[in-house]
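Below is one structure, written out as structure tokens; the observations come after it.
Please read these numbers as outputs of a predicted model, since none were measured by experiment.
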Amino acid sequence: MKLCALINGESGSTPGNAEEALLEELGKLGLTADVLPASGGDIVLAVKEALDSKPDALIVWGGDGSVACALSASGPSGPPVLALPGGTMNLVHKRLHYGETDWKTIVAAAMQSPVSEPFAAGCVAEHQFFVAAMMGQVTLLAESREAVRQGHLFKAAEVAVQSDAMSVERRLRLESRHASGNQTFDAVAAAVVIGDGDVPRLEVAAIEPSSAYDWMAIAFDALMNGWRDAESIDMDETRNVLITDIDGREFSATIDGESVIMPSGTVISLKRHAANVLRARRA
């Protein structure tokens, strides 16, 4: 098997000896890989170089952004991508490997019992996401979270207070589309999550707190019971959802954790075969 590996040494949890460690683990399995650095702004060019070498599989060791870049560039006709968790959140990796986050376990399992499978994505205009898109004022807290990660605690507190992130005044309307008729929800915030299974789908969550205190109650309920069963959250499953701001304004959002501004009237659709992934075959 011809393997090419991209290692983003600037990701949150990629070790300093990542190249040596990866080659050692592959060597135990009788494999090797051509390793390319892929840090920061070089990731796009590194992915292109790796794909141009026509590997049988592409290993990407980095965070969610690095993996999403490789998946998007490889697409449905490209080689399967084996994602190794090296970021802070590693949300794509958890979806890929059924919650497993130990990179050595992932490498061993995927190489000893490999399976290449289609991987679904959500599409927002020209952007793809592989875990979730979130909409509403509450997503402004993403900037505060990033400041905390960088150690800027005072800036984080200032952003959280000034962003009005917990406001319940701004409202969104979600219209999930079905052949049998559309389902409409009004909400303060929303999440659109890629749901896996025999048939991929978009799981749409309309979040409706009545106050900042209610926001905290919803968060606690979701933590204890799982967000799908939390009170004040309405759920639906679809392949296409229209999201508008009640007042027709642009609204804040995050796509796989990256902050963006979406226009009112944004459509999120499901792409069932967005890329190919390499992972361990399920027992």
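Salt-bridge check for Asp186 with Arg171: failed, with every basic side-chain N at 4.0 Å or more from each acidic carboxylate O. Salt bridge Arg201/Glu203: present, at least one basic N to carboxylate O contact under 4.0 Å.
Side-chain atoms of Val35 and Cys4, non-hydrogen and from C-beta on, never get closer than 4.5 Å to each other. Between Thr184 and Arg173 the shortest side-chain heavy-atom distance falls below 4.5 Å. Between Leu278 and Val81 there is no side-chain heavy-atom pair separated by less than 4.5 Å. A heavy-atom distance below 4.5 Å is found between the side chains of Ile194 and Arg95. In this structure the side chain of His93 reaches within 4.5 angstrom of the side chain of Asp64, judged on heavy atoms. Between Pro85 and Ile106 there is a side-chain heavy-atom pair separated by less than 4.5 Å. In this structure the side chain of Ile59 never reaches within 4.5 angstrom of the side chain of Leu6, judged on heavy atoms. Side-chain contact between Phe130 and Ser72 is present, with heavy atoms from C-beta onward closer than 4.5 Å.
No donor-acceptor distance shorter than 3.5 angstrom exists from the side chain of Arg177 to the backbone of Val241, with no hydrogens or angles considered. Judged by distance alone, with hydrogens and angles left aside, the side-chain atoms of Glu19 form no donor-acceptor pair with the main-chain N or O of Ala21 at under 3.5 Å. Proximity of a side-chain donor or acceptor of Ser116 to a complementary backbone N or O of Pro80 within less than 3.5 Å is not detected. Distance alone, capped at 3.5 Å, is enough to place a donor-acceptor pair between the Glu208 side chain and the Val188 backbone. Remark: the backbone N or O of Pro37 is not paired with any side-chain donor or acceptor of Asn8 at under 3.5 angstrom. With hydrogens and angles ignored, the 3.5 Å screen pairs no side-chain donor or acceptor of Ser74 with any backbone N or O of Leu71. Listed for the Lys2 side chain is a donor-acceptor partner under 3.5 Å among the backbone atoms of Ser53.
Criterion: ILVMFWY side-chain heavy atoms under 4.5 Å apart, direct or through other members. Under it, Leu270 and Val204 are part of a common hydrophobic cluster. When hydrophobic clusters are built by joining Ile, Leu, Val, Met, Phe, Trp and Tyr residues whose side-chain heavy atoms come closer than 4.5 Å, directly or via intermediates, Ile7 is not grouped with Leu36. When hydrophobic clusters are built by joining Ile, Leu, Val, Met, Phe, Trp and Tyr residues whose side-chain heavy atoms come closer than 4.5 Å, directly or via intermediates, Ile268 is grouped together with Val260. When the side chains of ILVMFWY residues are joined at heavy-atom separations under 4.5 Å, either directly or via intervening members, Leu22 and Val60 end up in two distinct hydrophobic clusters.
Other residues, nucleotides and ligands contribute at most 12 non-hydrogen atoms within 6.0 Å of the CD atom of Glu20. Atom NZ of Lys48 has 12 or fewer neighbouring heavy atoms from other residues, nucleotides or ligands inside a 6.0 Å radius.
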Show your working on side-chain contact (heavy atoms from CB on, under 4.5 Å) between Val124 and Met262 and close with a plain yes or no.
CA-CA 9 Å; Val124 185; Met262 290 184 179; 3.9 Å; yes
Quick one: do Thr238 and His178 satisfy side-chain contact (heavy atoms from CB on, under 4.5 Å)? Show the steps, please.
CA-CA 7 Å; Thr238 185; His178 304 275; 3.9 Å; yes
Show, in sequence, the C-alpha distance, side-chain angles and deciding distance for Leu84 and Val107, and conclude whether the side-chain contact (heavy atoms from CB on, under 4.5 Å) test is met.
CA-CA 8 Å; Leu84 302 183; Val107 168; 3.7 Å; yes
Using side-chain contact (heavy atoms from CB on, under 4.5 Å), reason through Phe185 and Leu172 one step at a time and then give a plain yes or no.
CA-CA 8 Å; Phe185 304 96; Leu172 302 173; over 6 Å; no
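Residues Ala187 and Leu174 approach most closely at CB-CD1, 4.5 Å, considering heavy atoms. What you find for Leu82 and His97 is that their closest heavy atoms are CD1-CE1, 3.8 Å. Closest approach of Gly63 and Asn90 over heavy atoms only: CA-OD1, 4.4 Å. Closest approach of Ser11 and Gly86 over heavy atoms only: CB-O, 3.0 Å. Here the closest heavy-atom approach between residue Arg281 and residue Pro114 is recorded as NH2-O, 3.3 Å. The two residues Ser269 and Leu202 make their nearest non-hydrogen contact at C-CD1, 3.9 Å.
For the atom pair OG (Ser13) and CH2 (Trp61), the distance works out to 9.0 Å, reported to the nearest 0.5 Å. Distance check, rounded to the nearest 0.5 Å: CG of Asp56 to CG of Leu3 gives 7.0 Å. The line from CG of Leu91 to CG of Leu96 is 11.5 Å long, rounded to the nearest 0.5 Å. The CE atom of Met1 sits 13.0 Å away from atom OG1 of Thr32, with the distance rounded to the nearest 0.5 Å. Note that the CZ atom of Arg282 and the OH atom of Tyr98 stand 4.5 Å from one another [nearest 0.5 Å]. Atoms CZ and OG, from Arg239 and Ser176 in turn, are 14.0 Å apart once rounded to the nearest 0.5 Å.
No cation-pi contact links Arg272 to Phe119, judged by a cut-off of 6.0 Å to the six-membered ring centre and 45° from its axis.
Screening residues 241-250 for salt bridge (Lys or Arg N to Asp or Glu O under 4.0 Å) gives Arg170-Asp245, Asp247-Arg249 as the qualifying pairs, with residues at least two apart or on separate chains. Sorted by first and then second residue, the ring pair (Phe, Tyr, Trp, His ring centres under 6.0 Å) pairs involving residues 255-283 (not counting sequence neighbours) form an empty list.
In summary, the side chains of Gln183 and Asp236 do not present any donor paired with an acceptor at a separation below 3.5 Å, with no hydrogens or angles considered.
Val267 belongs to a hydrophobic cluster with Leu242, counting contacts under 4.5 Å between side-chain heavy atoms of Ile, Leu, Val, Met, Phe, Trp and Tyr, direct or through other members.
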